[in-house]
Amino acid sequence: VKDAVGSARISIEAKLSTGAVNSPMHGARIRVFGGNLITAKPLGVRDGVDFHHTGEVRRIDQKAIQKQLDDGALVLMSPIGYSPTGEAFNLNYEDIATQAAVSLGAEKLIMFSAESGIGDAQGNLIKMLSLNEVPHCLSMLSDNIPVQRDLMACYQACENGVLRGHIISHADNGALLTELFTRE
């Protein structure tokens with residue numbers, strides 16, 4: 001996990017550092033900040049299963065993140081958290097996203113999914129859910145665990161003060177821009 005996260009991090013930072021003369025990024029200087037921003041705790045043994053180096057979020061370093069955001073940097077948070085004793089734990093990205101959004105007082109939590117969102121019984125895209133509708137929708141998604149986890153992350157964030165949660169497809173080119181810059 002450490003090797004995979006490190007490799008992915010380097011690839012992301014390299015993409016954000018491109019500034020070729022003929023690219024839209026020419027002359028841009030995007031600073032990327034990361035590090036030990038997440039304090040974790042071990043999952044331990046549950047139902048007789050030892051989860052070894054799998055953990056859960058204990059705390060997000062909100063002050064350090066906010067300082068970097070205020071200074072104009074992007075903050076790249078990896079799914080690795082560190083215990084006060086220096087152990088590294090593999091974390092659930094939905095939990096990190098939810099806890100970061102809540103601790104930073106975010107207006108929105110945007111989750112990327114392989115799906116285009118959540119569909120109703122006829123397969124039509126549900127464009128908006130109230131918090132009261134989410135438990136029923138979660139039960140309808142019992143066969144689609146990834147989308148169920150994304151919806152649960154949005155639900156928990158909104159239950160804790162985040163104004164909106166969005167689930168959009170990472171497979172649709174331009175989906176994030178469409179979500180952010182159109183009324184639909």
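Below, all heavy atoms of this structure are taken into account, side chains as well, without hydrogens, waters or symmetry copies.
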Say whether, by atom type as modelled, one donor and one acceptor occur between the side chain of [X] and the main chain of [Y] under 3.5 angstrom.
X: Asp71; Y: Ala73; answer: no
X: Arg58; Y: Pro42; answer: no
X: Glu133; Y: Ser130; answer: yes
X: Asn92; Y: Asp95; answer: yes
X: Ser103; Y: Gln99; answer: yes

Looking at every non-hydrogen atom in both residues, tell me the closest pair between [X] and [Y] and how far apart they are.
X: Pro135; Y: Asn132; value: CD-O, 3.5 Å
X: Leu131; Y: Tyr155; value: O-CE1, 3.4 Å
X: Met111; Y: Tyr93; value: CE-CE1, 3.7 Å
X: Ser78; Y: Val5; value: CB-CG1, 3.4 Å
X: Pro84; Y: Ala40; value: CD-O, 4.2 Å
X: Ile60; Y: Ile96; value: CD1-O, 4.4 Å

Kindly indicate whether the side chain of [X], heavy atoms from C-beta on, has any atom under 4.5 Å from the side chain of [Y].
X: Ser83; Y: Phe89; result: yes
X: Leu16; Y: Arg31; result: no
X: Ile65; Y: Met77; result: yes
X: Thr39; Y: Asp61; result: no
X: Lys108; Y: Leu163; result: no

Item to check | Salt bridge present between Lys2 and Glu87 (N-O < 4.0 angstrom) | outcome: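 No, no charged N to carboxylate O under 4.0 Å.
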
Item to check | Nearest-0.5 Å distance, CG of residue Asn124 to NZ of residue Lys127 | outcome: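 The CG atom of Asn124 sits 10.0 Å away from the NZ atom of Lys127.
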
